[in-house]
Amino acid sequence: MDAKVDRPDNQDDETARTNGLWAATLDAASEGMLVTDHRGNIILVNRAYTEITGYRADEVIGMNPRVLRSGRHDEAFYDAMWSALRRDGRWQGEIWNKRRDGEIYPSWLSISSIKDTSGRITNFLGIFADISVIKQAQQQLAYLAHHDPLTGLPNRLMLMERLEHAIELARRAKSQFALMFIDLDDFKKINDSLGHDAGDALLRAVAGRMRDAVRAADTVARLGGDEFVVLLENIKGESEALCVAEKMLESVKASASMQGLSTSASIGIATFPGDGTDVAALMRNADSAMYRSKQAGRNRATAYHASFNASTCHRLELEDALRRALELEQFSLVYQPQYELSSGRITGVEALLRWQHPKLGNIAPAQFVPPAEESGDLSEIGRWVLNTACAEAMSWRRQELFDGRLAVNISIRQLECSEFVQTVKDALAGSGLPAGCLQLEITESVLLRTTGQLTKVLSALHALGVSLAVDDFGSGYSSLYHLKNLPVSTLKIDTAFVQNLPASENDKAIVRAILALGENLDLSIVAEGIENEDQRSLLINEGCRFGQGFHLYQPVTTDQLRVALAR
Ligand code: C2E
Ligand code: MG
Ligand code: MG
């Protein structure tokens with residue numbers, strides 16, 4: 001071929017190639033593109049435009065981009081867009097458009113004006129991306145940030161937002177609302193003994209039932225763990241909240257029993273504006289009311305009262321101090337003799353835990369044992385009690401001061417721990433105390449909860465030669481069935497029935513009944529809390545053989561006990 005002839009054709013080719021490249025580029029772009037004339041009528045669209053909007057080029061050429069309008073934006077929106085375009089030559093923003101099939105979608109649009117050499121607008125170029133996927137991800141993130149993944153309930157963040165909102169509304173409308181703290185009782189036990197899957201299943205079931213038990217406008221949130229919070233908007237008063245709380249207690253019990261569990265809940269209620277006018281005060285007061293429910297025996301709801309506050313501060317301080325008490329060696333044991341009523345001869349001693357805190361002073365077991373049970377700290381403390389008591393009892397034996405029984409109090413939480421039997425074995429082996437000299441005191445409520453696991457532990461202890469006593473007998477709901485079927489050897493009559501002897505006929509009858517029960521089931525009976533001679537002689541007359549109480553013996557330190565034993 002001749003190069004001279006070819007040159008002009010080459011130039012045309014070049015232009016054609018460039019145009020082709022442009023067309024290919026536009027079509028390869030993943031953003032939708034459109035070009036309009038200066039009046040805004042479409043003259044060109046690319047392939048992505050068709051893919052995103054659903055409109056073919058031939059359907060929209062000559063039309064105004066208005067066909068895409070979703071109706072979600074008002075005229076002011078478009079006016080602002082056009083005035084920015086005229087002023088700056090460009091506009092960028094998020095815009096909701098409508099696809100050909102009617103679906104509305106979010107897009108990120110940037111429009112630029114194209115001017116000729118004299119500065120007159122000849123065209124507009126619009127480039128847009130479909131951002132529905134990004135939007136969905138954003139929504140997903142916002143959802144995750146505001147919800148608890150396990151139950152799907154609102155989480156703490158969302159609860160806080162709703163609570164702020166509720167305060168604002170109630171302030172304006174001069175109305176009331178209630179904040180309810182719900183904490184499952186013994187949830188840790190379920191997690192520990194049945195596994196986290198069972199725990200999770202219970203939480204989900206409880207969440208669903210509680211959600212169903214309130215109005216749609218109310219909020220049921222999960223703060224984490226086994227803590228739920230309910231926000232009851234626009235209530236008439238506290239009694240309405242207490243009514244809902246009853247439903248919540250039922251919901252928890254029903255969900256648990258579906259899983260063969262017998263879990264209950266403790267509830268605390270704070271009402272706006274009476275019990276607090278800001279988020280912090282309402283949260284704090286609902287929490288301290290909830291704690292009251294725990295203290296009062298769980299499975300109940302308590303409405304806040306101003307007198308609770310001081311005790312809340314105290315409790316938080318207490319829990320913190322409790323965590324470190326063992327390593328700081330703040331615990332000690334005292335021993336209270338058990339004796340033969342007729343002679344006063346010491347037949348055994350009961351170890352009682354004492355906590356001496358440098359700032360908080362002497363703290364009674366009734367105050368720190370329940371929170372230590374709840375937090376799980378009691379296992380370690382209980383192990384220390386067993387080891388110490390066994391070692392000290394063995395030292396009295398070695399000195400031939402004592403050949404009676406050592407009684408140690410055990411909480412149900414310790415019994416439920418799988419290593420408990422091993423802990424007892426270790427304490428006996430470590431000290432050399434014969435198993436027959438150790439008695440474990442369990443509270444009456446243990447008899448009610450004898451699940452297979454518990455029965456196994458009690459039988460294993462019995463097999464070791466360790467004896468079992470039921471403490472505070474008569475105060476709970478005694479289950480004779482379990483009493484007969486468990487390896488129990490001793491019943492301790494609760495102080496409450498001894499206190500009002502000999503005056504109270506009723507208590508006399510109860511004591512008589514317990515003694516008869518002991519006779520029939522071949523159990524030995526110890527009367528607790530004997531404070532005077534009248535009580536002692538009445539008990540002797542009724543046929544009770546053993547007792548314990550301030551009348552003859554106060555709880556004393558190991559050194560003091562040595563002196564008493566030596567006499
Ligand atoms: P408990 O096992 O029924 O212990 C008897 C409680 O009655 C002791 O109170 C004792 O000091 C008190 N007491 C003794 N004689 C009399 C009396 O004549 N009159 C009156 N009113 N009270 C008397 P304490 O030491 O405050 O212990 C309270 C409870 O704390 C115990 O009741 C027991 O359930 C629990 N506890 C004590 N030590 C331990 C421990 O090491 N582990 C566990 N899990 N619980 C413990
Ligand atoms: Mg006891
Ligand atoms: Mg007792």
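Both ligands and their constituent atoms are indexed starting at 1 by order of listing.
For Glu533, the CD atom counts as densely surrounded, since its 6.0 Å shell holds more than 12 non-hydrogen atoms of other residues, nucleotides or ligands. Applying the 6.0 Å contact sphere to CD of Glu400 captures no more than 12 heavy atoms from other residues, nucleotides or ligands. Remark: Met160 CE is packed, more than 12 non-hydrogen atoms of other residues, nucleotides or ligands lying under 6.0 Å away. Other residues, nucleotides and ligands place no more than 12 heavy atoms under 6.0 Å from the CG atom of Asp522. Residue His462 places its NE2 atom among 12 or fewer non-hydrogen atoms of other residues, nucleotides or ligands, all under 6.0 Å distant. Within 6.0 Å of CG on Asp403 lie no more than 12 heavy atoms contributed by other residues, nucleotides or ligands.
Only the side chain of Gln336 comes within 4.0 Å of ligand 1, judged by heavy-atom distances. The side chain of Asp471, and not its backbone, has at least one atom closer than 4.0 Å to an atom of ligand 1 (non-hydrogen atoms only; side chain from C-beta on). By the criterion of a heavy-atom distance under 4.0 Å, neither the backbone nor the side chain of Lys492 is placed next to ligand 1. Proximity of Ile381 to ligand 1, defined as any heavy-atom pair under 4.0 Å, is not found for any part of the residue. Neither the backbone nor the side chain of Gln548 comes within 4.0 Å of ligand 1, counting heavy atoms alone. Contact annotation: for Gln499 versus ligand 1, there are no heavy atoms closer than 4.0 Å.
Note: Phe331 and Phe368 have tilted aromatic rings, judged against thresholds of 30 and 60 degrees for the angle between ring planes.
Regarding atom 38 (N) of ligand 1, its nearest protein heavy-atom neighbour is Leu353 N, 3.1 Å. Atom 31 (C) of ligand 1 has as its closest protein heavy atom Leu352 CD2, 4.5 Å. Looking only at protein heavy atoms, the nearest one to atom 5 (C) of ligand 1 is Glu528 OE2, 3.6 Å. Nearest protein heavy-atom contact of atom 45 (N) of ligand 1 is Asn409 CB, 3.6 Å. Of the protein's non-hydrogen atoms, Phe550 CZ, 3.6 Å is the one closest to atom 22 (N) of ligand 1.
Aromatic ring centroids of Tyr339 and Phe546 lie 6.0 Å or more apart.
Closer than 4.0 Å to atom 9 (O) of ligand 1 lies none of the heavy atoms of the protein. Distance remark: protein heavy atom present below 4.0 angstrom from atom 13 (N) of ligand 1.
Residue contact check for ligand 1: Glu373 places no non-hydrogen atom closer than 4.0 Å to it. In this structure, Pro555 has a heavy atom closer than 4.0 Å to ligand 1. Taking a 4.0 Å cut-off on heavy atoms, Glu350 registers as neighbouring ligand 1. Using a 4.0 Å cutoff on heavy atoms, Gln554 does not count as a contact of ligand 1.
Residue contact check: Val385 has heavy atoms under 4.0 Å from atoms 41 (O) of ligand 1. Residue Glu531 has at least one heavy-atom neighbour below 4.0 Å for each of these atoms of ligand 1: 17 (C), 18 (O), 19 (N), 20 (C), 21 (N). Residue-ligand proximity, Gln414 to ligand 1, at heavy-atom distances under 4.0 Å covers atoms 44 (N).
Considering Gln554, Gln548, Glu350 as possible partners of Gln336, the one that fulfils the side-chain hydrogen bond (donor to acceptor under 3.5 Å, both in side chains) test is Gln548.
His551 and Gln535 form no side-chain donor-acceptor contact under 3.5 Å, judged by distance and modelled atom types alone. For the residue pair Ser395 / Arg562, a side-chain donor-acceptor distance below 3.5 Å is found, with atom types taken as modelled. Thr151 and Asp148 share a donor-acceptor pair across their side chains, judged by distance under 3.5 Å alone. Residues Asp185 and Ser264 have side chains that bring a donor and an acceptor to within less than 3.5 angstrom of each other. At a cut-off of 3.5 Å, with distance as the only test, no side-chain donor of Gln338 or Tyr553 sits close to an acceptor on the other residue. Judged purely by distance below 3.5 Å, without hydrogens or angles, the side chains of Ser411 and Glu373 pair a donor atom with an acceptor atom. Between Trp355 and Ser332, the side chains place no donor N or O within less than 3.5 Å of an acceptor N or O (distance only, hydrogens not considered).
Every N/O-N/O distance between Leu378 and ligand 1 stays at or above 3.5 Å.
Looking at Glu350 and the Mg ion (ligand 2) together, the shortest N, O or S contact belongs to OE2.
Considering each of Gly382, Ala389, Pro365, Ser411, the one bringing a non-hydrogen atom nearest atom 29 (C) of ligand 1 is Pro365.
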Please lay out, stage by stage, how Gln439 and Thr490 fare under the test side chain to side chain donor-acceptor pair (under 3.5 Å).
-> CA-CA 9 Å; Gln439 179 162 73; Thr490 306; 3.0 Å; yes
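Of all protein N/O/S atoms, those under 2.8 Å from the Mg ion (ligand 3) are Asp471 OD1, Asp472 OD1, Glu528 OE1, Glu528 OE2, and waters are not counted.
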